[in-house]
Each structure stands twice: as structure tokens, then as C-alpha cells.
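Position 1 is the first residue of the sequence, and the numbers go up from there.
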Amino acid sequence: MTRQAVLFDLDGVLLDSGPSVQSTLAAVTTCATGQRTTVADLPPGALHRPRTDVLDQLGVSDPDDACARWWDGALAAALPAPFPGALTGLLALHAADVAIGVVTLQDRDRLHWYLPPALADLLDVVITRQDAPAKPAPDGLHAALERVGARPEQAVFVGDSPGDMTAARAAGVVALGAAWGWHPAAALHSAGAHHVLSGPTRIGPSLLHHLTPITAT
């Protein structure tokens with residue numbers, strides 16, 4: 001038999017990382033400019049834009065260098081926690097023998113300290129931007145499914161960005177939007193979400209309703 005699979009984006013879906021990223025942007029700006037910068041000083045929509053663009057707007061002369069020097073240290077000081085209900089839902093999926101994976105834009109060498117151990121222990125596969133072309137390309141989803149032995153028609157992907165929805169549809173999996181993430185539900189619907197979930201407590205057995213029943217082969 002082939003397994004069913006539920007794939008997730010990481011930030012904004014399983015991890016409540018928005019406040020951590022905002023804090024890190026402010027800290028890197030402070031270090032790079034020598035001027036105290038707080039989250040209140042960030043431009044609107046900072047979470048929806050490349051970090052280098054945000055840092056440039058904040059007066060950082062070399063955003064790439066600033067990120068290389070200070071980003072990981074600042075992020076490690078403000079690590080995100082799982083959304084309430086996310087771990088409970090993952091445990092229920094694990095108990096149902098559903099393959100659980102993450103396809104993320106995070107760097108692989110960051111994951112050993114960025115992922116909470118309780119979350120990492122429940123993941124069958126993690127695909128990073130070093131492992132496959134980044135979303136909205138479908139390659140990362142295909143790689144994750146291949147690793148766990150699931151076919152696209154037996155999988156769903158839960159993401160919080162329009163790019164996530166594009167990747168899911170291109171990969172041939174059910175695209176589920178996470179309305180609690182970094183982008184509004186309307187943007188997820190417009191990008192092609194088959195359904196938008198209302199909150200992280202929806203993670204779990206209810207996701208199985210979106211999967212195609214598997215027949216023995």
C-alpha cells in the first residue's frame with residue numbers, strides 16, 4: 001500500500017514565527033546601523049517582503065552582509081514556538097500512519113537549532129531550499145512525496161502564502177491555505193487554494209478528509 005501524506009510549510013503554518021522574524025529584522029538593523037530599532041519601526045508588510053528589501057528601507061547599507069553577520073544570532077535569541085494545537089494535530093496524524101513532511105524556505109544548516117525537538121521528532125521528511133528549487137516551484141513537494149512513498153493524488157499541502165498554493169497545484173496535490181499565517185485568506189483563495197483552514201487546531205485527522213482513499217496494490 002502507498003501512504004497518504006500531509007505536507008506543511010513551516011513558518012506561519014506550524015511555527016508562529018512572525019514575531020521572531022520581526023524581532024530579528026529589528027535586531028539586525030540595530031547592529032548594522034548602530035541605531036536602536038524596534039519592531040514598531042518596521043515598514044508595513046515587512047513579513048511579506050524579502051528581508052534584504054526591508055533592511056534596505058531601514059537604512060542598512062549592505063543587507064546581505066548584515067544578514068550573514070547577525071541574522072542567525074538574532075533569530076536564535078527569539079526562537080518561535082509551534083502554534084497552539086499544531087503538535088496535537090501532528091501527533092494525531094502520526095498515530096494514523098500518515099506521512100508528515102515540511103517543505104520550507106529555511107536553510108538546512110539552521111534546522112537543527114530552529115526546529116523545536118517535539119516538532120522535529122514527528123516529521124518524516126524536511127525539504128529545504130538547498131534540497132530543491134524553492135516554492136512556488138513544485139520540485140520540493142515532489143521530492144518530499146518521493147521520500148515518503150506517496151503519490152500526489154494522495155497528499156495535501158498546507159501553506160500560508162500564494163506561492164505555497166501555486167506550488168501545491170503545480171505538484172498535483174490538494175492546496176490547503178492556512179488563514180492564521182502571514183497572508184490573508186482572500187490572497188490564498190485567489191492563488192488557487194482548494195480550501196482555507198480557519199486555525200491551527202484544524203491540523204490533524206480532519207485533513208484526511210481531503211485525501212483520496214488508497215486502494216491496495
Side-chain angles (χ1 to χ4, degrees), residues 7-84 86-87 90 101-123 125-137 139-141 143-144 158-164 166-167 178 180-184 187-188 200:
L7 306 178
F8 298 90
D9 182 32
L10 182 61
D11 293 295
V13 177
L14 295 178
L15 292 182
D16 186 10
S17 54
S20 298
V21 172
Q22 291 174 321
S23 175
T24 300
L25 285 166
V28 170
T29 302
T30 297
C31 292
T33 65
Q35 301 293 321
R36 186 173 186 268
T37 305
T38 70
V39 170
D41 299 315
L42 299 181
L47 291 178
H48 302 160
R49 299 165 52 191
R51 63 185 184 180
T52 51
D53 290 356
V54 176
L55 294 173
D56 179 70
Q57 185 173 342
L58 290 168
V60 176
S61 59
D62 190 340
D64 288 322
D65 177 70
C67 287
R69 296 176 64 181
W70 294 300
W71 186 271
D72 278 4
L75 183 61
L79 289 174
F83 280 104
L87 287 178
L90 293 179
V102 160
V103 182
T104 176
L105 297 179
Q106 289 287 350
D107 291 329
R108 177 159 291 281
D109 60 5
R110 182 181 294 144
L111 292 182
H112 70 280
W113 54 262
Y114 186 72
L115 279 175
L119 173 57
D121 289 345
L122 293 171
L123 302 178
V125 61
V126 179
I127 300 295
T128 72
R129 61 181 181 177
Q130 280 79 34
D131 302 313
K135 299 170 292 184
D139 304 62
L141 279 70
V158 184
D160 71 321
S161 73
D164 289 335
T166 300
W180 61 92
W182 295 7
H183 295 265
L188 302 176

Compare all side-chain heavy atoms of [X] with those of [Y] and state whether any distance is below 4.5 angstrom.
| X | Y | answer |
| --- | --- | --- |
| T166 | K135 | no |
| L55 | C67 | yes |
| L90 | L119 | yes |
| L75 | W70 | no |
| F8 | L123 | no |

>> Is there a side-chain contact (heavy atoms from CB on, under 4.5 Å) between L7 and I127? Walk through the geometry before answering.
In response: CA-CA 10 Å; L7 306 178; I127 300 295; over 6 Å; no
>> Going by side-chain contact (heavy atoms from CB on, under 4.5 Å), name the residues that satisfy it together with Q106, two or more places apart in sequence or in a different chain.
In response: L10, D11, T104, R110, L111, Y114
> With sequence neighbours excluded, what pairs up with A178 under the side-chain contact (heavy atoms from CB on, under 4.5 Å) test?
Replying inline: V13, V158, D160, W180
What distance separates [X] [atom1] from [Y] [atom2], expressed to the nearest 0.5 Å?
| X | Y | atom1 | atom2 | value |
| --- | --- | --- | --- | --- |
| L14 | F83 | CG | CZ | 9.0 Å |
| L42 | T37 | CG | OG1 | 8.0 Å |
| T38 | Q22 | OG1 | CD | 10.5 Å |
| R129 | D139 | CZ | CG | 15.5 Å |
| L105 | D9 | CG | CG | 6.5 Å |
| T52 | Q57 | OG1 | CD | 12.0 Å |

> Does Q35 have any side-chain hydrogen bond (donor to acceptor under 3.5 Å, both in side chains) partners at least two apart in sequence or in another chain, and if so, which?
Replying inline: none
> L47 and V21: side-chain contact (heavy atoms from CB on, under 4.5 Å), yes or no, with the steps?
Replying inline: CA-CA 8 Å; L47 291 178; V21 172; 3.7 Å; yes
